[in-house]
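Report on the following structure.
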Number of protein chains: 2
Amino acid sequence: MKLGSLKAGRDGKLVVVSRDMTQMVAASDIATTLQQALDNWEITAPALQQVYEQLNAGSYPAAQPFDSELMAAPLPRAYQWLDGSAYVNHVELVRKARGAEMPESFWTDPLMYQGGSDQMLGPCEEVALSSEEWGIDFEAEVVVVTDDVPMGCSVEQAASHIALIGLVNDISLRNLIPGELAKGFGFMQSKPASSFAPVFITPDELGADWADGVVHRPLTVHRNDEKFGAPDCATDMTFNFHQLLAHATKTRDLGAGSIIGSGTISNRDRSVGSCCIAEQRMLETLADGKAQTPFLSFGERVRIEMLDKQGDTIFGAIDQCVTRK
Amino acid sequence: MKLGSLKAGRDGKLVVVSRDMTQMVAASDIATTLQQALDNWEITAPALQQVYEQLNAGSYPAAQPFDSELMAAPLPRAYQWLDGSAYVNHVELVRKARGAEMPESFWTDPLMYQGGSDQMLGPCEEVALSSEEWGIDFEAEVVVVTDDVPMGCSVEQAASHIALIGLVNDISLRNLIPGELAKGFGFMQSKPASSFAPVFITPDELGADWADGVVHRPLTVHRNDEKFGAPDCATDMTFNFHQLLAHATKTRDLGAGSIIGSGTISNRDRSVGSCCIAEQRMLETLADGKAQTPFLSFGERVRIEMLDKQGDTIFGAIDQCVTRK
């Protein structure tokens with residue numbers, strides 16, 4: 001099933017969205033917010049699934065037309081956002097561009113940072129920032145959302161804890177990163193609020209395109225009207241989501257509604273393009289000694305979407321403008 | 001006023017606690033959870049203050065005896081936990097112990113990391129972990145809790161956004177930190193769930209002991225029955241909470257209920273002791289070439305408390321055991 005949140009208050013209003021993304025209906029008698037649904041997932045998931053099936057069958061008179069503009073992030077605020085960096089060849093490329101070796105351990109021990117989760121932006125909300133000098137970049141990624149996961153969850157157990165799957169634009173401020181990482185405490189100012197595609201979906205929606213904790217579809221990014229890249233999410237993913245989940249739980253439980261990200265999708269095959277500007281700039285640096293593609297300016301638009309084999313949208317699109325705060 | 005949360009469901013049940021920490025009363029008609037109160041702080045704060053005054057006057061028949069054992073963390077789960085490192089001499093000491101220079105910029109640009117906030121432990125809850133080999137350490141700190149803070153909040157504006165003040169035990173796994181920080185993405189596995197003193201208080205509770213974004217009282221830590229340290233929170237605090245807040249909002253809004261930490265309290269005067277074991281071990285290393293004080297073993301107890309000038313507890317105590325998960 002597909003679940004989203006209408007813009008309403010701090011936590012949105014939970015809606016079930018039809019498979020073809022044309023209709024939606026509130027399910028307030030089951031749960032008023034997605035967080036509330038996830039807090040009681042064993043009970044709410046089957047009930048929401050029933051609504052979803054009736055909605056797809058066209059038998060919901062109360063349904064209203066779906067509209068991305070009305071949507072908040074599926075979880076407008078969340079209790080946890082942990083972002084991995086599972087496409088290790090991307091990390092290797094970053095290092096190569098600045099002439100540094102990548103430690104061998106990066107191929108076996110996932111990178112993961114704790115992100116801010118108190119404000120998640122909806123798919124069409126503006127990314128409002130104070131300065132272009134910060135080096136504004138998009139990062140297109142896949143995320144999973146968990147139910148309650150106990151500390152020390154194994155890779156094998158992880159599969160059963162993935163409740164939902166979604167798409168994120170993990171906006172990064174590239175020119176703030178070197179200074180911040182040099183301080184040793186990870187990202188904070190360099191990672192402003194992230195944005196999410198309109199709906200989270202249950203894994204079964206992907207059919208055979210979800211296997212072993214990996215999404216087997218390309219993720220397409222447009223910068224303004226130009227295609228920037230469409231790397232395949234299953235290619236070159238060094239750590240699958242089961243491994244990322246196990247990594248995340250080494251020393252902590254994960255509360256229901258924890259969001260775990262894949263990191264920027266990236267393929268070794270450079271002909272498929274990139275899911276962030278930084279990667280494109282690194283390739284230019286390696287080829288020509290300097291980066292040419294600029295970071296985002298105010299007024300530019302970013303569109304992130306995943307289509308199924310039939311060419312239909314799976315999550316709806318992130319389609320947003322960068323603006324001056 | 002003093003506010004806490006009884007253990008109940010995922011978010012606890014908001015209670016107003018009397019100044020002398022002997023009585024408490026639910027205020028469900030005002031807000032059922034502390035997060036709900038913070039979400040509507042302008043309306044709820046004055047209403048809760050009235051309850052507090054009546055409770056202190058002894059005119060609340062429904063009041064029940066206060067008991068730390070019944071308490072969850074004031075925010076059992078929060079949307080944001082940002083921990084600073086405002087006692088820079090502590091950071092300098094860490095560096096010195098491993099023979100490294102500290103960058104000069106650390107005196108002017110705060111260190112701050114994004115912590116996990118989906119599970120906050122109550123004052124008497126066990127710190128249950130899988131391995132003593134991780135190097136289990138306490139870190140006694142002061143925190144402030146914000147209302148909604150807009151991006152780009154100035155140091156001057158920050159004062160008005162501090163709704164509440166509390167105490168945290170920011171448990172750290174010292175032997176996991178070097179490997180994790182070397183990866184460059186900050187703390188994650190090395191920072192398990194933090195624990196909180198029973199109540200958050202409004203700044204006015206501290207009277208003259210809250211000035212210019214600084215708490216002017218010592219914070220006392222006991223390891224088992226022995227006093228480990230009682231450094232003064234106002235001494236050697238390089239960045240006050242107003243500065244930490246301004247730093248946190250450079251590129252983001254802060255949602256209501258965001259928790260900002262001071263980092264481990266630390267004074268240059270070593271006779272006052274330390275608020276974490278790591279500092280004690282660094283002093284031993286500098287003096288004798290090796291650390292002698294061990295990190296925590298399963299079964300050990302940590303007590304963190306702040307007393308007012310009269311010797312009365314301000315927040316109640318964190319008093320918890322470390323146990324094997």
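Reminder, nothing fancy here: chain letters follow the sequence lines and each chain counts from 1.
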Checklist line | Counterpart residues, side chain to side chain contact (heavy atoms under 4.5 Å, CB included), relative to A182(A) (two or more places apart) | finding: none
Check: Between R95(B) and K183(A), which heavy-atom pair has the shortest distance, and what is it?
Finding: NH2-O, 4.1 Å
Margin query: Can you tell me which portion of A128(B) sits under 4.5 Å from chain A's heavy atoms? Options are side chain, backbone, both or neither.
Written below: backbone
Notebook entry, point to check: K325(B) versus chain A, heavy atoms under 4.5 Å apart: side chain, backbone, both or neither?
Noted result: side chain
Check: Would you say the side chain of D148(B) lies within less than 4.5 Å of the side chain of R10(A), judging by non-hydrogen atoms?
Finding: yes
Checklist line | Interatomic distance, T251(A) atom OG1 to I136(B) atom CD1 [nearest 0.5 angstrom] | finding: 10.5 Å
Item checked: For chain A, which residues of residues 168-178 of chain B have heavy atoms nearer than 4.5 angstrom -> L173(B), L176(B)
Check: Is a side-chain N or O of R252(B) found less than 3.5 angstrom from the main chain of Q189(A), in a donor-acceptor match?
Finding: no
Check: So which of S190(A), A248(A), G152(A), S258(A) has the largest heavy-atom pair count under 4.5 angstrom toward chain B?
Finding: A248(A)
Item checked: Residues in residues 107-117 of chain A that sit under 4.5 Å from chain B, counting heavy atoms only -> D109(A), P110(A), L111(A), M112(A), Y113(A), Q114(A), G115(A), G116(A), S117(A)
Next item on the list: Enumerate by number any residue of residues 77-85 of chain A whose heavy atoms lie under 4.5 Å from heavy atoms of chain B; in the absence of such residues, state 'none'.
Entry: R77(A), A78(A), Y79(A), Q80(A), L82(A), S85(A)
Next item on the list: Count the heavy atoms of every other residue, nucleotide or ligand shown that sit under 6.0 Å from NZ of K96(B), and state whether that count exceeds 12.
Entry: no
Margin query: Is there a side-chain contact (heavy atoms from CB on, under 4.5 Å) between H247(A) and M188(B)? Walk through the geometry before answering.
Written below: CA-CA 10 Å; H247(A) 179 83; M188(B) 208 284 288; 3.8 Å; yes
Margin query: If I measure from the heavy atoms of chain B, does M151(A) come under 4.5 Å with its side chain, its backbone, both, or neither?
Written below: side chain
